[in-house]
Asks: 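Dumping the structure here so I can ask a few things about it.
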Amino acid sequence: QVQLVESGGGLVQPGGSLRLSCVYSGFTLPNYAIAWFRQAPGKEREGVLCISNSDGSSYDADFVKGRFTMSRDKIKNTVQLQMDSLKPEDTAVYYCASAPAHFCNPTALRDLHNWRYEHWGQGTQVTVSS
């Protein structure tokens, strides 16, 4: 049974940093993608970044603009989302999710209706406010 558990959310001031973690387990596919998504109140869920374990490729959404980075610890089965220069508009519930490796691509981060990640964590709240 695939499980993903996020942690690390909280309240941070504008311009600050936060690191989210996602511990995953139960994967049966040899190659998979793990992605971070977010959903702000009243808005649709959107893709943030993804990473593929098959070739290590990663992609990020346009709004990231170098502020967020994603890393992976294969031994600990953990991915982390380092978020810097946070803005109030980054306030959202952040989710990690998994899918087959080819789901890590720029189109899948934008088109969540046609590229449906199969397994999701419960989410962690990030609030950027002074």
Asks: Can you confirm whether the side chains of Q80 and S21 place a donor and an acceptor under 3.5 Å from each other?
Replies: yes
Asks: Are M70 and Y59 co-members of a hydrophobic cluster defined by side-chain heavy atoms under 4.5 Å apart?
Replies: no
Asks: Could you tell me the separation between the CG atom of L49 and the CG atom of L109, rounded to the nearest 0.5 Å?
Replies: 7.5 Å
Asks: What are the two closest non-hydrogen atoms of Q82 and D84, and how far apart are they?
Replies: NE2-OD1, 2.9 Å
Asks: Out of curiosity, W120 CH2 to F37 CZ, how far, rounded to the nearest 0.5 Å?
Replies: 4.0 Å
Asks: Are I51 and V64 connected in a single hydrophobic cluster, I mean Ile/Leu/Val/Met/Phe/Trp/Tyr linked by side-chain heavy atoms less than 4.5 Å apart?
Replies: yes
Asks: Give the minimum heavy-atom separation between L4 and C22, together with the two atoms involved.
Replies: CD2-SG, 3.8 Å
Asks: Measure the spacing between OG1 of T69 and CG of D60 and express it to the nearest 0.5 Å.
Replies: 9.5 Å
Asks: What distance separates L18 CG from T124 OG1, expressed to the nearest 0.5 Å?
Replies: 8.0 Å
Asks: Within a strict 4.5 Å, meaning less than it, do heavy atoms of the M83 and Y94 side chains meet?
Replies: yes
Asks: Any non-hydrogen side-chain atom of V12 less than 4.5 Å from a side-chain atom of S17?
Replies: no
Asks: Looking at the rings of Y117 and Y95, which for Trp means the six-membered one, are their centres under 6.0 Å apart?
Replies: no
Asks: Are side-chain heavy atoms of Q125 and L11 found at a separation under 4.5 Å?
Replies: no
Asks: When you measure from the side chain of N105 to the backbone of C50, do you find a donor-acceptor pair of N or O atoms at a distance under 3.5 Å?
Replies: no
Asks: Among residues at least two apart in sequence or on other chains, which ones pass salt bridge (charged side-chain N to carboxylate O under 4.0 Å, His left out) with R38?
Replies: E46, D90
Asks: Any side-chain heavy-atom pair from E118 and Y32 closer than 4.5 angstrom?
Replies: no
Asks: Under the side-chain contact (heavy atoms from CB on, under 4.5 Å) criterion, do E44 and H113 qualify, and how do the steps go?
Replies: CA-CA 11 Å; E44 291 192 347; H113 294 290; 4.0 Å; yes
Asks: To the nearest 0.5 Å, what is the distance between SG on C104 and CG on N31?
Replies: 12.0 Å
Asks: Any side-chain heavy atom of L81 within less than 4.5 Å of one from F68?
Replies: yes
Asks: Measuring from Q3:CD to N77:CG, what's the distance to the nearest 0.5 Å?
Replies: 12.0 Å
Asks: With distance as the sole criterion, is a donor-acceptor pair present between the side chains of S54 and S52 under 3.5 Å?
Replies: yes
Asks: Give a yes or no on whether the backbone of A92 and the side-chain of Q39 come within a donor-acceptor separation of less than 3.5 Å.
Replies: no
Asks: Assigning hydrophobic clusters by single linkage (Ile, Leu, Val, Met, Phe, Trp, Tyr; side-chain heavy-atom cutoff under 4.5 Å), is V79 placed with F27?
Replies: yes
Asks: Any donor and acceptor pair, going by atom type alone, linking the side chain of S98 with main-chain N or O of I34 inside 3.5 Å?
Replies: no
